[in-house]
Structure formats: C-alpha cells, structure tokens
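Contents: one structure, followed by commentary.
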2 protein chains.
Amino acid sequence: MTTTPRCGPYICGIDAAMDVVSGKWKGLILWELAEHEVRRFAELRRGLPGVSEKMLTQHLREMEQDGLVHREVYAEVPPRVEYSLTEHGRSLNEALAPLGDWGRERIRRERADLVDHADAEAMPRP
Amino acid sequence: MTTTPRCGPYICGIDAAMDVVSGKWKGLILWELAEHEVRRFAELRRGLPGVSEKMLTQHLREMEQDGLVHREVYAEVPPRVEYSLTEHGRSLNEALAPLGDWGRERIRRERADLVDHADAEAMPRP
DNA sequence: CTGTATCCCTTCCGATACTG
DNA sequence: CAGTATCGGAAGGGATACAG
C-alpha cells in the first residue's frame with residue numbers, strides 16, 4: 001500500500017471528478033468564474049472565444065446540476081442572468097490548480113522543443 | 001489580478017492537461033501504473049475491468065506518444081511487454097492527486113445523500 | 001439579452017474476428 | 001501473450017434558425 005491510496009476498488013476519484021469537468025469548455029468556464037466571481041452570459045461568451053450559445057448554455061446547466069455553479073435570474077427586461085461559483089465549484093477549482101500548472105509547464109516545454117528544432121533547421125551549415 | 005494567474009490569453013493549462021488525460025480509461029491506467037510501478041499488458045487488462053484490448057492498446061500508445069508512459073518490449077516467446085510511468089507521467093499523477101481527493105469526497109457526499117433519502121423514505125411513520 | 005430547437009458531422013468507444 | 005483490423009452504434013459538439 002502507498003502512503004495515501006486514492007482509489008477504492010473499481011471506482012476512482014479521478015473519474016468522478018472528470019465526469020464533472022469533461023466537456024470542451026468547462027475548464028475555461030471554471031476559470032472565468034474563478035477570476036471574475038460573477039459573470040453574465042454574454043460576458044462568459046466573450047471570455048470563451050469560439051464557444052457556441054448552445055454549448056455554453058448546456059455546460060452551464062450541467063455544472064449547475066452538479067452543484068458547481070449558481071445561476072441567478074433577474075426578472076427584468078432585457079433579461080439578466082448572473083453566474084457564479086458555488087463553494088463546491090471553488091473547491092474544484094482549487095483541486096484543479098496543480099493540473100493547470102502541470103499543463104502550462106507542458107506547453108512551455110513543447111514550445112521550447114519547437115524553438116530548438118527551428119534553430120537546428122535554421123542553421124544547417126556555417 | 002488574483003494571486004497566481006493560471007491561464008494565459010486563449011490557452012489554459014487545464015486544457016493542455018485534459019488533452020492528455022481525457023479518454024475513458026487513462027485516469028485508471030495512470031493510477032494502475034503509479035500503484036504498481038511496472039505492469040504487463042494482461043495485468044493492466046485485469047486491473048481495468050471492462051476495458052477492451054483495442055482501447056487499452058490505443059490509450060497506452062497515446063500516452064506513450066505524450067511522454068507519460070514507457071513501453072519496454074522483450075524479444076521473447078511468448079512476447080512480454082512492460083509498461084511503466086515516465087518521470088513526466090509521475091509528475092502528472094501528482095498533479096492529479098488533489099483532483100482525485102476532490103472526486104472521492106464528492107462520491108462520499110453523494111452516498112451520504114442517498115442514505116439520507118433512503119432513511120427518509122424508509123420510515124414514513126412510527 | 002438569454003436562451004431553444006434542429007440538423008448533421010465527427011470522434012469515441014465496444015464487439016468481434018484475426019495474427020505473429 | 002500482445003496485439004491489429006474492421007464495423008457500427010452512441011455521444012459530443014458546431015452551425016443555423018427561431019423565441020421570450
């Protein structure tokens with residue numbers, strides 16, 4: 001046995017967390033809401049270049065079902081809806097931080113490799 | 001600005017890490033290899049109940065491409081292949097630990113809720 | 001402004017059969 | 001033992017149009 005077994009028989013906590021985070025934009029949504037505390041629908045849309053209304057809505061609803069996001073609707077016209085992280089969502093974001101660091105480190109390394117290759121190809125002879 | 005911005009413009013480290021971990025069995029593969037250091041193909045297969053040979057092979061190859069897994073082939077008959085984590089793979093596993101903890105906590109809470117509901121339904125009257 | 005509804009394409013994955 | 005090949009269903013996601 002290792003110091004801290006992280007998986008029970010047949011079920012791994014990683015999978016349970018993945019269920020909730022997998023989806024093309026959920027990581028970014030989490031990040032946007034962690035950064036800004038409160039965001040309106042159109043603000044999130046602008047913060048996630050390329051997302052469609054359909055996917056943004058769908059992901060937000062799923063995250064609401066999963067207890068990560070709070071949705072506050074104001075009965076006004078034009079309508080206004082504000083999204084924010086729940087305590088549960090904030091804790092997920094914290095648990096995600098080391099993975100984000102790892103990913104950025106990975107990107108950094110990839111870019112360094114590309115630069116190395118480019119340099120090697122750029123000077124084939126003296 | 002927060003204390004430690006984790007995302008640059010347009011690209012988030014979370015996504016870079018997700019790219020590498022997304023896949024139905026990759027989390028479990030990582031876990032198996034972290035637990036056992038070295039595993040043969042058939043051992044992994046047994047450790048991942050339900051996985052098909054196709055998906056196990058495919059995921060292992062992708063993880064090898066991504067530099068997470070080392071594949072050692074022994075020229076014997078019958079053939080023997082041993083899989084293990086690279087340093088890179090181990091660092092990913094460590095970055096995943098908090099997420100695993102979060103997921104297990106989530107499972108625990110869900111089960112507690114289920115029990116509560118069951119109890120509430122189990123004793124409708126004295 | 002904040003969504004729904006629909007169509008359609010791509011990717012993911014399981015099942016099965018076959019190979020060195 | 002450790003794969004490869006192929007098929008087909010299911011799920012994810014984009015584009016577009018429409019609605020309250």
Side-chain angles (χ1 to χ4, degrees), chain A residues 10-12 14-30 32-33 36 38-66 68-85, chain B residues 10-12 14-30 32-33 36 38-66 68-85:
Chain A
Y10 303 116
I11 293 188
C12 181
I14 297 289
D15 285 353
M18 288 293 188
D19 271 359
V20 137
V21 174
S22 67
K24 189 165 179 182
W25 306 92
K26 287 191 183 176
L28 267 348
I29 291 173
L30 229 31
E32 274 292 308
L33 291 179
H36 297 96
V38 172
R39 297 249 91 178
R40 298 185 54 174
F41 187 83
E43 291 173 328
L44 283 171
R45 196 150 147 59
R46 279 190 290 275
L48 276 49
V51 72
S52 67
E53 294 175 352
K54 169 189 163 186
M55 290 315 298
L56 184 52
T57 303
Q58 183 177 308
H59 282 165
L60 284 169
R61 292 292 146 84
E62 288 168 3
M63 294 168 81
E64 193 187 354
Q65 292 297 312
D66 289 332
L68 306 177
V69 163
H70 173 70
R71 180 167 179 263
E72 186 76 34
V73 182
Y74 297 89
E76 306 173 351
V77 40
R80 180 165 58 108
V81 180
E82 288 183 347
Y83 294 93
S84 56
L85 291 186
Chain B
Y10 304 115
I11 293 188
C12 181
I14 297 289
D15 286 353
M18 288 294 188
D19 272 358
V20 137
V21 173
S22 67
K24 188 166 179 181
W25 305 93
K26 287 190 181 175
L28 268 347
I29 291 173
L30 228 32
E32 274 292 307
L33 291 179
H36 297 95
V38 172
R39 297 251 89 179
R40 300 184 52 177
F41 187 84
E43 291 174 327
L44 283 171
R45 197 150 146 58
R46 280 189 291 274
L48 277 48
V51 72
S52 66
E53 293 176 351
K54 170 189 161 185
M55 289 315 297
L56 183 53
T57 303
Q58 181 177 308
H59 282 165
L60 284 169
R61 292 293 146 85
E62 288 169 1
M63 293 168 82
E64 194 188 354
Q65 291 297 314
D66 290 332
L68 306 177
V69 163
H70 173 70
R71 180 168 179 263
E72 187 77 34
V73 181
Y74 298 89
E76 306 172 353
V77 41
R80 180 164 58 105
V81 181
E82 288 183 347
Y83 294 92
S84 56
L85 290 187

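The sequence lines fix the lettering, A, B, ..., with proteins before strands; numbering per chain opens at 1.
Whole-Å rounding puts the A:L48 CG to D:dG13 P distance at 13 Å. In this structure, A:R71 places its CZ atom 16 Å from P of C:dC1, rounding to the nearest Å. Counting to the nearest Å, the C1' atom of D:dC1 and the CZ atom of B:R46 are 11 Å from each other. C:dT10 atom C1' lies 13 Å from atom CE of A:M55, rounded to whole Å. The interatomic distance linking B:E43 (CD) with D:dC1 (P) rounds to 11 Å, in whole Å. At whole-Å resolution of the value, CE in A:M18 and C1' in D:dG12 are 17 Å apart. The interatomic distance linking B:E62 (CD) with C:dC12 (P) rounds to 8 Å, in whole Å. Rounded to an integer number of Å, the gap from B:E76 CD to D:dA2 C1' is 13 Å.
The phosphate of C:dT2 has neither OP1 nor OP2 within less than 4.0 Å of any side-chain N or O from A:R45. Regarding contacts with the backbone of D:dG12, every side-chain N or O of A:W25 stays at 4.0 angstrom or more from both OP1 and OP2. Within the structure, a side-chain polar atom (N or O) of A:R61 is placed less than 4.0 Å from OP1 or OP2 of C:dG3. Side-chain nitrogen and oxygen atoms of A:R39 include none within less than 4.0 Å of the OP1 or OP2 phosphate oxygen of C:dT2.
Among the atoms of the strands shown, only primed sugar atoms or phosphate atoms (P, OP1, OP2) are found under 4.0 Å from some heavy atom of A:Y83. Contact annotation for B:G50: no contact, since no heavy-atom pair falls under 4.0 Å across all strands.
Of the candidates C:dT4, D:dG13, C:dT2, C:dT2 carries the atom nearest the A:A42 side chain, counting heavy atoms from C-beta on. For A:P79, the side-chain atoms get nearest to C:dC1 when compared with the rest of D:dG13, C:dG3, C:dC1. Closest contact between the side chain of B:K24 and the listed nucleotides C:dG3, D:dG13, C:dC13 involves C:dC13. Side-chain proximity of A:K54 to the nucleotides C:dC13, D:dC1, C:dT6 is greatest for C:dT6. Side chain of A:H59, nearest nucleotide from D:dA2, D:dG13, C:dG3: D:dG13. Among D:dC1, D:dG13, D:dG3, the nucleotide with an atom closest to any side-chain atom of B:R40 is D:dC1.
For the side-chain hydrogen bond (donor to acceptor under 3.5 Å, both in side chains) with A:Y83, the lone residue among A:E32, A:H36, A:R71, A:E64 that qualifies is A:R71.
Atom CG of A:L60 sits about 10.5 Å away from atom CE of A:M55, to the nearest 0.5 Å.
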B:L33 and B:L44: CA distance, side-chain angles, deciding distance, side chain to side chain contact (heavy atoms under 4.5 Å, CB included) verdict: CA-CA 8 Å; B:L33 291 179; B:L44 283 171; 4.1 Å; yes

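The minimum heavy-atom distance linking B:K26 with B:V21 is given by the pair CB-O, 3.3 Å. Contact between A:E43 and A:V38 at its shortest, heavy atoms only, is OE1-O, 4.3 Å.
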